[in-house]
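Below, all heavy atoms of this structure are taken into account, side chains as well, without hydrogens, waters or symmetry copies. To find a chain, count down the sequence lines: A is the first, B the second, and so on, and within it residues start at 1. These numbers come from a predicted model, not from an experiment.
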Protein chains: 2
Amino acid sequence: MEPGFKEENSREKDAPRQNLAISAYRQLKHDIIRGRYAPEQKLLMSHLKEQYGASTGPLREALSQLVADRLVVAISQRGYRVAPMSLAELNDIYDARAQLEGLILRLAIERGDDDWEATVLATAHRLAKVTDINTPDDLLDLWDQRHKAFHTAIASGCNSPHLLQMRNTLFDQVERYRHLWLQETVMSPQALELKRQEHAALVDVILARDTAEADTLMRDHLMTPVPIITRVLKDRGIS
Amino acid sequence: MEPGFKEENSREKDAPRQNLAISAYRQLKHDIIRGRYAPEQKLLMSHLKEQYGASTGPLREALSQLVADRLVVAISQRGYRVAPMSLAELNDIYDARAQLEGLILRLAIERGDDDWEATVLATAHRLAKVTDINTPDDLLDLWDQRHKAFHTAIASGCNSPHLLQMRNTLFDQVERYRHLWLQETVMSPQALELKRQEHAALVDVILARDTAEADTLMRDHLMTPVPIITRVLKDRGIS
DNA sequence: CTATGCCAAATTGTTAATATTTATTGATAA
DNA sequence: TTATCAATAAATATTAACAATTTGGCATAG
């Protein structure tokens with residue numbers, strides 16, 4: 001009788017280990033996505049060692065994982081650098097994401113059962129309730145968390161672990177750009193209300209099983225941040 | 001004047017390093033895909049060391065990459081094992097692949113230019129010419145190589161590096177199952193002729209820009225091996 | 001037959017040594 | 001006098017060897 005904790009918590013990637021390389025991986029990933037390191041900044045081993053309290057061995061494992069995630073690039077024998085950002089990658093990454101999310105949504109509408117509909121409704125409700133919190137940081141964190149839960153609930157209807165895994169991989173890559181958008185729009189009440197309406201419309205067409213309309217709405221919804229992120233990148237001199 | 005070898009050979013994954021961890025990664029991946037290690041076999045460090053001539057450091061990096069590729073699983077403090085195989089994963093992986101390949105094909109038909117059409121025709125021609133070679137091993141290798149080139153040429157029309165990257169990732173995962181199919185069907189002349197007809201039909205509808213028909217043909221084409229692989233897995237006692 | 005304790009083997013992390021790279025300084029030529 | 005090239009030195013990355021913690025198996029005793 002095995003204790004049934006078959007590590008089903010596939011939060012981001014699979015956890016390769018629970019010890020020291022994985023914690024360095026999580027923290028480094030978090031810091032890169034949040035923009036703590038500039039796009040082409042060199043990642044010094046000496047700095048990483050004292051920053052994350054790990055030696056070269058575990059650090060190299062963490063960096064290898066991040067290279068697989070396309071958040072870090074490794075150059076022959078010249079160490080590691082944070083992956084560059086560009087307008088070209090921004091456009092491609094958001095396009096790929098919108099296309100994949102559209103595909104998954106169409107499959108979910110086709111394959112989703114009653115439990116799926118119930119979960120979509122529940123997470124949408126939870127998200128819509130995030131309107132009246134004062135401290136902006138807490139608001140942003142909570143909104144973002146429930147927003148992710150909402151979209152993940154929709155996607156889960158496709159019933160394909162591998163498609164969902166690829167969705168996660170792509171989301172890790174998009175999140176570095178997406179963070180620029182979250183920082184820029186300080187989650188103003190009108191922006192929040194606009195998003196709330198988009199989500200409500202999305203839920204409507206999903207429950208109506210209107211595949212074509214849902215696909216269109218979802219892609220427009222996902223592409224919204226692109227012009228704003230483009231402006232931020234241009235302001236920072238990134239082409 | 002730098003010699004223009006900016007490592008643009010993104011064959012499978014990005015090359016994290018050109019030295020020792022990456023060669024171990026490539027060989028190990030090849031061996032796992034080709035079935036040299038059984039699905040849940042333990043990967044002893046001592047064995048890997050003498051097999052691939054690398055020390056624990058580089059080997060752990062290679063194994064980390066393979067965990068990201070879902071070809072290896074890491075258990076807390078009990079080392080690494082080859083990822084298990086199952087009928088459930090077979091079905092999901094082929095379904096996800098067919099769906100993604102269909103999406104990419106629709107985009108390619110929508111976005112592909114004249115050069116794309118020319119490349120598709122050229123690779124199709126090259127593939128069709130592989131009919132009259134005697135030694136079966138050489139035949140299989142050459143056919144598989146040109147077959148991959150043909151499908152990659154079709155997919156490249158979508159013009160999205162990130163979608164193509166995800167296609168590669170999924171293909172790495174599917175190839176372990178696909179190898180069972182290649183081994184089973186000894187590439188009989190009639191099977192080869194059937195495939196040739198499918199490819200010709202595919203080229204026709206692609207050049208005619210018939211999106212819906214191309215999508216259907218492509219998915220049927222990709223799902224062909226599933227029943228055969230299912231039988232092989234069942235014969236091996238894998239559920 | 002079962003449970004507990006000991007031994008062996010494997011994984012994990014650290015440290016040191018080697019090789020490659022980069023930056024600085026000096027010299028030479030224009 | 002200035003700019004470029006080369007050489008040396010310092011720093012950093014990469015790899016291998018070593019040590020410690022943990023796990024699994026086996027034997028013995030109850």
Item checked: Whole angstrom value for the distance that separates P of D/dA13 from CZ of A/Arg60 -> 9 Å
Check: Taking OP1 and OP2 of C/dT11, is either one under 4.0 Å from a side-chain nitrogen or oxygen of B/Lys42?
Finding: yes
Item checked: Integer-rounded Å distance: D/dA13 C1' and A/Ile75 CD1 -> 13 Å
Check: B/Thr152 side chain to B/Ala149 main-chain N or O, any donor-acceptor pair under 3.5 Å?
Finding: no
Margin query: Without decimals, in angstroms, what is the distance between B/Leu59 CG and C/dA10 C1'?
Written below: 14 Å
Margin query: Measure CE/B/Met45 against P/D/dT23 and give the value in whole Å, please.
Written below: 17 Å
Notebook entry, point to check: Can you tell me how far CZ of B/Arg26 sits from CG of B/Asp31, rounded to the nearest 0.5 angstrom?
Noted result: 14.0 Å
Notebook entry, point to check: Atom CG of B/Leu44 to atom C1' of C/dA9: distance rounded to whole Å?
Noted result: 10 Å
Check: Looking for any heavy atom pair under 4.0 Å, which part of the strands does B/Gly57 touch: base, sugar-phosphate only, or nothing?
Finding: nothing
Check: Between B/Ser46 and A/Arg78, which has a closest nucleotide on DNA chain C that is more 5'?
Finding: B/Ser46
Notebook entry, point to check: To the nearest Å, how far apart are B/Lys49 NZ and C/dT11 P?
Noted result: 10 Å
Item checked: Of the listed nucleotides C/dT14, D/dT15, D/dT22, the one nearest the side chain of B/Pro58 -> D/dT15
Item checked: Carboxylate-amine/guanidinium proximity below 4.0 Å for A/Glu89 and A/Arg70 -> no
Item checked: Sole residue of A/Arg146, A/Glu101, A/Arg167, A/His221 in side chain to side chain donor-acceptor pair (under 3.5 Å) with A/His151 -> A/His221
Notebook entry, point to check: If you pin B/Ala54 and A/Leu43 to their nearest nucleotides in DNA chain D, which one's is more 5'?
Noted result: A/Leu43
Check: For B/Ile22 and D/dT15, what is the distance between atoms CD1 and P respectively, to the nearest whole Å?
Finding: 12 Å
Note to self: Output the rounded distance in Å from CG (A/Leu20) to P (D/dT22).
What the structure shows: 13 Å
